[in-house]
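These numbers come from the heavy atoms of this one structure, side chains and all, not from hydrogens, waters or symmetry mates.
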Amino acid sequence: MGQHIAKKISKRKAKKLTRAFFGRPTLKVARDLIGKVLADTRTGEKKSAVGRFLRIVEVEAYIGEDDPACHASVGPTERNRVMYGSAGFAYVYLIYGMYHCLNFVTERKGYPAAVLIRAGEPLERGIQESGGALLSRTDGPGRLCRALGITRSENGLDLTGDSIYVQDCGLEPRKIATGPRIGIRVGKEKNWRFFDPDSKFLSKARDSN
DNA sequence: ACACCGATATACT
DNA sequence: GTATATCGGTGTG
């Protein structure tokens, strides 16, 4: 099945998402991202441990200064600067001192919002390094970034370029579910988490809030 | 199964 | 000084 999908991706059926896709209301972008394919074509030091293609299965929306869980709730700072910029760029930050989280900036320039990529399923096998199984897991925002080798040096990267981008490969989910965002203490009443309930690669909702 | 805890850095009060 | 859009491990039932 992985082979079949990989073939599907390599055909010109795959269409790269444009800046116009990201520059829309964040909830629409978040929902539409489920089933899209995150492609990472970097080589060398930045080579992914899980292959170049991940089908996105879980995301969360963070919208504006009025969303208490959004990093922009405190107004513009050095960390959240990219969220205030144009749509279609990567917002990457370090959390808990050891993990990175990958977001796609949405909406118009000046309005801070983004979609957090929480989980994806690998569509081809990557080169497993020693101790590989653990390092190549992609069912969680921190694990996903670790598996792909995404760090703050990717903060501000243009997702419409040729390095890391997103494709529509016709892998629409059978169903899309929603629920509260995970791991936050404020803004829990909003059901801004979107996921493919049929996926086996969803992040583990722990104790949560 | 669930509960708790430490790691480890940065941003913000 | 405190909180954090996390994770891996250990302890208990």
### Message
Starting the side chain at C-beta, find the nucleotide from C/dA5, C/dC7, B/dA11 nearest to A/Thr77.
### Response
B/dA11

### Message
Counting the atoms with a prime plus P, OP1 and OP2 as sugar-phosphate, which does A/Gly97 contact under 4.0 Å by heavy atoms, base, sugar-phosphate, or nothing?
### Response
base

#### Entry: Distance (rounded to the nearest 0.5 Å) between A/Thr26 OG1 and A/Ile63 CD1
4.5 Å

### Message
Counting only side-chain heavy atoms from C-beta out, which of B/dT10, B/dC12, C/dG8 sits nearest to A/Val74?
### Response
B/dC12

### Query
When all nucleic acid strands are considered with a 4.0 Å heavy-atom cut-off, which category describes A/Arg193: base, sugar-phosphate, or nothing?
nothing

### Message
If the cut-off is 4.0 Å, is A/Arg79 near the phosphate of C/dA5, judged by side-chain N/O to OP1 or OP2?
### Response
no

### Query
According to a 3.5 Å limit on both distances, what stems of 3 or more consecutive Watson-Crick or G-U pairs are formed with DNA chain B?
B:1-7 with C:6-12, B:9-12 with C:1-4

### Task
Can you figure out which of C/dT4, C/dA5, C/dC7 approaches the side chain of A/Tyr99 most closely?
C/dC7

#### Entry: A/Tyr62 backbone acceptor or donor facing A/Arg181 side chain under 3.5 Å
no

### Query
Salt bridge check: are A/Glu58 and A/Arg193 linked by an N-O gap of less than 4.0 Å?
yes

### Task
Can you tell me the distance, in whole Å, between the CD1 atom of A/Ile95 and the C1' atom of B/dC12?
14 Å

#### Entry: Spacing of A/Glu78 atom CD relative to B/dA9 atom C1', expressed in whole Å
16 Å

### Message
Checking contacts here: which listed nucleotide (C/dT4, C/dC7, B/dT10) is nearest the side-chain heavy atoms of A/Arg143?
### Response
C/dC7

Would you list the atom pairs, donor with acceptor, under 3.5 Å between side chains in residues 88-104 of chain A and any protein atom, with sequence neighbours excluded?
| from | atom 1 | to | atom 2 | distance (Å) |
| --- | --- | --- | --- | --- |
| A/Tyr91 | OH | A/His71 | ND1 | 2.7 |
| A/Asn103 | ND2 | A/Tyr91 | O | 3.1 |

### Message
Would you say A/Lys46 and A/Ser153 are linked by a side-chain donor-acceptor pair, where the criterion is simply a distance under 3.5 Å?
### Response
yes

### Query
Can you check whether A/Arg146 has a side-chain N or O nearer than 4.0 Å to OP1 or OP2 of C/dC7?
no

### Query
Under a 4.5 Å side-chain heavy-atom rule over Ile, Leu, Val, Met, Phe, Trp and Tyr, are A/Phe201 and A/Leu33 clustered together?
no

### Query
Do A/Arg55 side-chain atoms and A/Leu171 backbone N/O form a donor-acceptor pair below 3.5 Å?
yes

## Note on the structure
Atom CZ of A/Arg185 and atom C1' of C/dT6 are separated, to the nearest Å, by 15 Å

### Distance, rounded to the nearest Å, where A/Met83 contributes CE and C/dA5 contributes P
11 Å

### Message
Of the options C/dA5, B/dT8, B/dA11, whose atoms approach the side-chain atoms of A/His71 most closely?
### Response
C/dA5

### Message
For the base of B/dA9 and the side-chain ring of A/Tyr96, does the geometry meet a stacking cutoff of under 5.5 Å between centres and under 30° between planes?
### Response
no

#### Entry: A/Asn80 CG - C/dT4 C1' separation (whole Å)
15 Å

### Query
Do the numbers put A/Arg81 on top of the ring of A/Tyr84, so that NZ or CZ is under 6.0 Å from the six-membered ring centre and no more than 45° off the axis?
no

#### Entry: Whole angstrom value for the distance that separates C1' of C/dG8 from CG of A/Asp139
13 Å

### Query
What is the distance from CE of A/Met98 to P of B/dT10, rounded to the nearest Å?
13 Å

## Note on the structure
To the nearest angstrom, the NZ-P distance between A/Lys204 and B/dA3 comes to 18 Å

### Message
Between the base of C/dA5 and the side chain of A/Tyr93, is one N or O donor paired with an acceptor at under 3.5 angstrom?
### Response
yes

#### Entry: Side chain of A/Leu94 - closest among B/dA9, C/dT6, C/dT4
B/dA9

